[in-house]
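Because the structure is predicted, anything quoted here is derived from the model rather than measured. For reference, positions follow the sequence shown, starting with 1.
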Amino acid sequence: MTGAWALRAPCSGLDGFAPNQDACSSANDIKDLCRPQLPTCGPCPFRAECIATIKPAQVKFDGIAGGRLWCNGEVIDALDDVSDEELAEPKLRPSCGTEAGAKSHTRNDERVCPSCRQATREIEARRQAEKTKQQEQLQLDFTSIT
């Protein structure tokens with residue numbers, strides 16, 4: 001996997017998500033080898049990014065990606081809460097990577113691309129930090145009055 005998100009994913013550093021080709025010859029082999037790791041994807045907020053990075057259907061992937069178990073690029077098992085929306089490639093726009101880009105995806109009922117999702121996280125973190133700073137300043141102002 002590539003991308004900063006991959007280091008924060010629950011599967012980061014774990015083995016068993018893509019079987020050795022010599023170890024499996026059928027979908028049942030893949031299920032037996034990989035299914036125990038599938039629940040690791042449950043709490044993962046990066047399932048769509050995982051699918052977009054690995055592109056399992058295009059490369060005929062065998063293993064786990066995005067909360068799904070793949071055999072030759074076809075989903076053969078999945079977590080209960082997976083969404084087809086995670087499979088769709090996001091539409092990329094010139095404004096991607098900005099708050100405006102994220103709003104454009106939302107306005108057009110599209111999946112938000114990873115760069116817009118990251119931009120939104122950063123903007124929210126800055127807003128939260130500014131809000132905290134303002135609250136602390138108000139507390140200081142109030143204590144200096146009393």
Side-chain angles (χ1 to χ4, degrees), residues 1-21 24 26-143:
M1 287 188 290
T2 60
W5 65 268
L7 297 174
R8 298 189 321 265
C11 64
S12 180
L14 300 178
D15 293 327
F17 287 83
N20 181 327
Q21 294 300 330
C24 60
S26 70
N28 285 334
D29 290 343
I30 294 170
K31 283 182 182 180
D32 291 343
L33 291 168
C34 295
R35 187 180 273 150
Q37 283 73 260
L38 191 58
T40 305
C41 297
C44 185
F46 307 111
R47 293 192 311 212
E49 285 89 343
C50 182
I51 291 168
T53 300
I54 295 173
K55 300 182 185 335
Q58 292 175 11
V59 299
K60 306 296 185 198
F61 178 73
D62 292 337
I64 296 174
R68 295 159 179 82
L69 185 55
W70 301 79
C71 178
N72 201 28
E74 299 285 329
V75 176
I76 58 172
D77 198 5
L79 295 172
D80 291 336
D81 66 340
V82 297
S83 164
D84 286 343
E85 188 176 289
E86 295 168 333
L87 296 172
E89 288 292 320
K91 183 170 185 172
L92 300 180
R93 307 175 180 288
S95 60
C96 283
T98 66
E99 185 177 26
K103 287 180 180 179
S104 181
H105 288 299
T106 303
R107 196 172 35 253
N108 290 295
D109 198 28
E110 301 167 348
R111 185 170 66 83
V112 177
C113 72
S115 59
C116 286
R117 188 174 295 113
Q118 181 62 32
T120 300
R121 284 187 197 116
E122 290 170 3
I123 289 165
E124 286 300 317
R126 282 195 298 267
R127 286 181 180 151
Q128 185 62 38
E130 183 62 31
K131 185 177 178 180
T132 301
K133 184 178 174 182
Q134 288 174 351
Q135 288 173 341
E136 289 171 353
Q137 186 60 45
L138 284 173
Q139 266 186 326
L140 288 173
D141 291 346
F142 181 74
T143 55

Note: Phe46 and Arg121 closest approach over all heavy atoms is CE2-NH2, 4.1 Å
- Task: Report yes if some heavy atom in the side chain of Trp70 is under 4.5 Å from a heavy atom in the side chain of Ile54; otherwise report no.
- Result: no
N/O donor-acceptor pair under 3.5 Å between Glu86 side chain and Arg47 backbone:
no
Output for pair (Ile64 CD1, Gln37 CD), nearest 0.5 Å, gives 5.5 Å
What one should report as the nearest heavy-atom pair of Thr40 and Pro10 is O-CB, 3.6 Å
Closest non-hydrogen contact found for Gly63 with Cys34 is CA-SG, 4.2 Å
Check: Ala100 main-chain N/O paired with Ser104 side-chain donor or acceptor under 3.5 Å: no
Nearest heavy-atom approach of Pro36 to Lys31 is CD-O, 4.2 Å
_Are more than 12 heavy atoms, taken from residues, nucleotides or ligands other than Asp81, located less than 6.0 Å from that residue's CG atom?_
yes
Note: Ala6 and Ser12 closest approach over all heavy atoms is O-CB, 3.3 Å
The test is side-chain hydrogen bond (donor to acceptor under 3.5 Å, both in side chains); show your working for Gln128 and Glu124 and say whether it passes.
CA-CA 6 Å; Gln128 185 62 38; Glu124 286 300 317; over 6 Å; no
Q.
For Glu74, is the CD atom crowded, meaning more than 12 foreign heavy atoms sit under 6.0 Å from it?
A. no
Output for pair (Gln134 CD, Thr132 OG1), nearest 0.5 Å, gives 9.5 Å
Between Pro56 and Ala65, the two heavy atoms sitting closest are CG-CB, 4.3 Å
Check: Is it true that the side chains of Gln135 and Gln139 contain a donor and an acceptor less than 3.5 Å apart?
Finding: no
request  = Taking the side chain as every heavy atom from C-beta outward, state whether Cys113 and His105 have any atom pair closer than 4.5 Å.
outcome  = yes
d(Leu33 CG, Asn20 CG) to nearest 0.5 Å is 9.5 Å
Residue set satisfying side-chain contact (heavy atoms from CB on, under 4.5 Å) with Pro45, at least two apart, ordered chain then number -> none
Rounded to the nearest 0.5 Å, the CG atom of Asp62 sits from the OG atom of Ser26 at a distance of 10.0 Å
Checklist entry - Considering only heavy atoms from C-beta outward, does the side chain of Leu69 approach that of Val75 to under 4.5 Å? => result no
Check: Between Arg35 and Asp77, is the closest basic N to carboxylate O distance under 4.0 Å?
Finding: yes
How about Arg68 and Cys41: do any of their side-chain heavy atoms sit closer than 4.5 Å? no
Problem - Residues Arg8, Glu49: salt bridge by 4.0 Å N-O rule - result: no
